[in-house]
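One structure is given below, encoded as structure tokens.
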Amino acid sequence: MIGAGKVATHIATHLSLYTEICQVYSRTSASAEDLAAKLHCEATQDLTALYTEADVYIFSLTDNALPEVIKSVVPHLQKGVCIHTAGSLPIDVFKGVATDFGVLYPMQTFSKEKEIRWEDVPLFIEGNTPHAIAIVKKVAQYLSSSIYEINSAQRAYLHIGAVLTCNFANHLYAIAEQLFKEKGLPFHTLLPLITETTAKVQVLSPLQAQTGPAQRGDSTVIEKHLQLLEENPALQNLYRAMSEDIARYQQLYANDKL
């Protein structure tokens with residue numbers, strides 16, 4: 001396991017129930033040792049000390065670090081399939097340095113403090129050879145039964161969708177939380193609304209589930225909200241832009257709601 005961050009920790013911990021993790025690498029010794037202790041394996045922060053005869057090498061690093069680590073590590077590996085877990089990097093990041101390689105992208109949000117129900121996590125895989133695809137699929141099957149084989153171009157748009165629905169949505173929660181703090185309001189009162197909004201898109205399309213002043217064209221309410229946000233121009237501009245885009249979607253895709 002090359003990496004010991006949030007994604008690496010969740011993947012390695014679950015895989016260790018079914019197969020042996022022989023080594024963990026991280027740039028920081030504390031991270032490597034913490035994960036290795038959970039897995040009962042060796043820890044290292046030295047790329048030149050990596051075990052070179054593993055069957056599988058899982059690279060779970062930041063997008064910035066991954067290409068350079070791959071270039072410095074993979075040429076020294078004697079065997080094994082190399083797999084990365086990034087949503088936004090193509091499979092070709094291994095091209096020219098590895099023989100059999102692939103991608104295993106789990107579309108989920110990970111925090112070390114919260115357990116993951118792996119059976120609910122969709123995994124998107126890719127491989128450059130039949131052997132690589134077979135190995136990536138085998139690793140994926142240890143994690144989840146929801147497995148999809150897609151290409152790097154498709155995965156790039158998949159990652160955009162994940163950022164929009166998870167990271168951007170959560171940022172809006174953070175904005176609402178800060179606004180509530182400033183106005184002496186309890187954020188937890190929004191949780192039932194968040195839960196219901198999420199539940200609705202399980203049975204309706206997001207376009208059908210859309211409600212609110214922008215959806216119904218209520219310019220009076222929108223203007224009132226914009227006035228209340230005058231002391232926060234950044235949030236005011238965000239509110240205006242979102243309202244305009246919601247209205248645009250309602251007009252552009254009105255037929256899709258029928």
Side-chain angles (χ1 to χ4, degrees), residues 6-7 10 14 85-88 105-124 143-148 150 154-258:
K6 292 177 286 189
V7 177
H10 279 282
H14 197 78
T85 64
S88 60
Y105 170 56
M107 193 166 66
Q108 184 56 275
T109 176
F110 295 92
S111 297
K112 285 187 178 181
E113 302 80 9
K114 189 177 185 302
E115 292 295 321
I116 290 292
R117 284 173 49 88
W118 274 105
E119 61 267 30
D120 297 334
V121 178
L123 304 177
F124 297 88
L143 298 169
S144 174
S145 59
S146 182
I147 300 168
Y148 303 86
I150 64 172
Q154 291 173 308
R155 192 174 66 259
Y157 286 101
L158 190 79
H159 195 239
I160 291 174
V163 169
L164 288 171
T165 57
C166 175
N167 307 134
F168 284 11
N170 190 75
H171 181 60
L172 292 176
Y173 301 158
I175 291 172
E177 181 183 37
Q178 186 58 37
L179 179 66
F180 272 34
K181 283 181 180 178
E182 293 172 0
K183 303 306 177 183
L185 297 167
F187 175 74
H188 69 83
T189 59
L190 286 174
L191 296 181
L193 180 61
I194 292 171
T195 300
E196 178 60 19
T197 302
T198 304
K200 279 204 298 183
V201 295
Q202 307 291 326
V203 294
L204 298 173
S205 75
L207 196 65
Q208 290 174 315
Q210 187 69 57
T211 60
Q215 181 271 334
R216 61 179 183 268
D218 194 335
S219 58
T220 301
V221 171
I222 292 172
E223 285 304 316
K224 185 180 294 183
H225 288 174
L226 289 173
Q227 289 174 16
L228 289 171
L229 295 174
E230 284 182 349
E231 61 188 40
N232 189 336
L235 181 51
Q236 185 186 54
N237 289 336
L238 179 61
Y239 184 101
R240 181 183 291 109
M242 290 290 286
S243 295
E244 290 174 353
D245 207 52
I246 289 171
R248 181 180 70 85
Y249 256 63
Q250 295 301 309
Q251 294 180 356
L252 192 59
Y253 300 108
N255 291 335
D256 292 353
K257 297 170 67 175
L258 300 179

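Values in this document were obtained by computation on a predicted structure and should not be read as measured data. Hydrogens, waters and symmetry mates are skipped; everything else that's a heavy atom, side chains included, is used.
- Taking CD of Gln178 as the reference point, atom CZ of Phe187 lies at 11.5 Å (rounded to 0.5 Å).
- How far CG of Leu229 is from CG of Leu179: 7.0 Å, rounded to the nearest 0.5 Å.
- Taken to the nearest 0.5 Å, the CZ atom of Arg216 stands 11.0 Å off from the CD1 atom of Ile246.
- More than 12 heavy atoms of other residues, nucleotides or ligands lie within 6.0 Å of NE2 in His225, so this atom counts as buried by the packing criterion.
- What you find for Ser88 and His159 is that their closest heavy atoms are CB-ND1, 3.5 Å.
- Counted within 6.0 Å of OH on Tyr239, heavy atoms from surrounding residues, nucleotides or ligands total more than 12; the atom is thus considered enclosed.
- Side chains of Leu185 and Leu190 form no contact here, defined as non-hydrogen atoms less than 4.5 Å apart.
- You'll find the side chain of Ile175 reaches within 4.5 Å of the side chain of Leu235, heavy atoms only.
- Residues meeting the side chain to side chain donor-acceptor pair (under 3.5 Å) test with Asn170, sequence neighbours left out: none.
- Atom NZ of Lys224 is surrounded by 12 or fewer heavy atoms from other residues, nucleotides or ligands within 6.0 Å.
- Inter-residue side-chain proximity for Phe124 and Gln154 is flagged as unmet; no heavy-atom pair is nearer than 4.5 Å.
- In the displayed structure, Lys200 atom NZ is contacted under 6.0 Å by more than 12 heavy atoms of other residues, nucleotides or ligands.
- Using a 4.5 Å cut-off on side-chain heavy atoms (C-beta onward), Tyr105 and Ile150 make no contact.
- Remark: Glu119 engages Arg117 in a salt bridge (charged side-chain N to carboxylate O under 4.0 Å, His left out) (not counting sequence neighbours).
- Across Pro122 and Tyr148, no two heavy atoms sit closer than the pair CB-CE1, 4.0 Å.
- Closest approach of Pro206 and Val201 over heavy atoms only: CA-CG1, 4.0 Å.
- Not one N or O on the side chain of Ser111 forms a donor-acceptor pair closer than 3.5 Å with the backbone of Glu113.
- Counting all heavy atoms, side chain and backbone alike, Ala214 lies closest to Ser243 at CB-O, 3.5 Å.
- To the nearest 0.5 angstrom, His10 atom NE2 is 8.5 Å from Lys114 atom NZ.
- At least one donor-acceptor pair under 3.5 Å links the side chain of Asn237 to the backbone N or O of Pro233.
- In this structure, Trp118 and Val121 have side chains that are in contact, with non-hydrogen atoms separated by less than 4.5 Å.
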Criterion side-chain contact (heavy atoms from CB on, under 4.5 Å) on His14 and Ile116, from CA distance to verdict: CA-CA 9 Å; His14 197 78; Ile116 290 292; over 6 Å; no
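- Gln210 has its side chain out of reach of Leu207: every pair of non-hydrogen atoms, C-beta onward, lies at least 4.5 Å apart.
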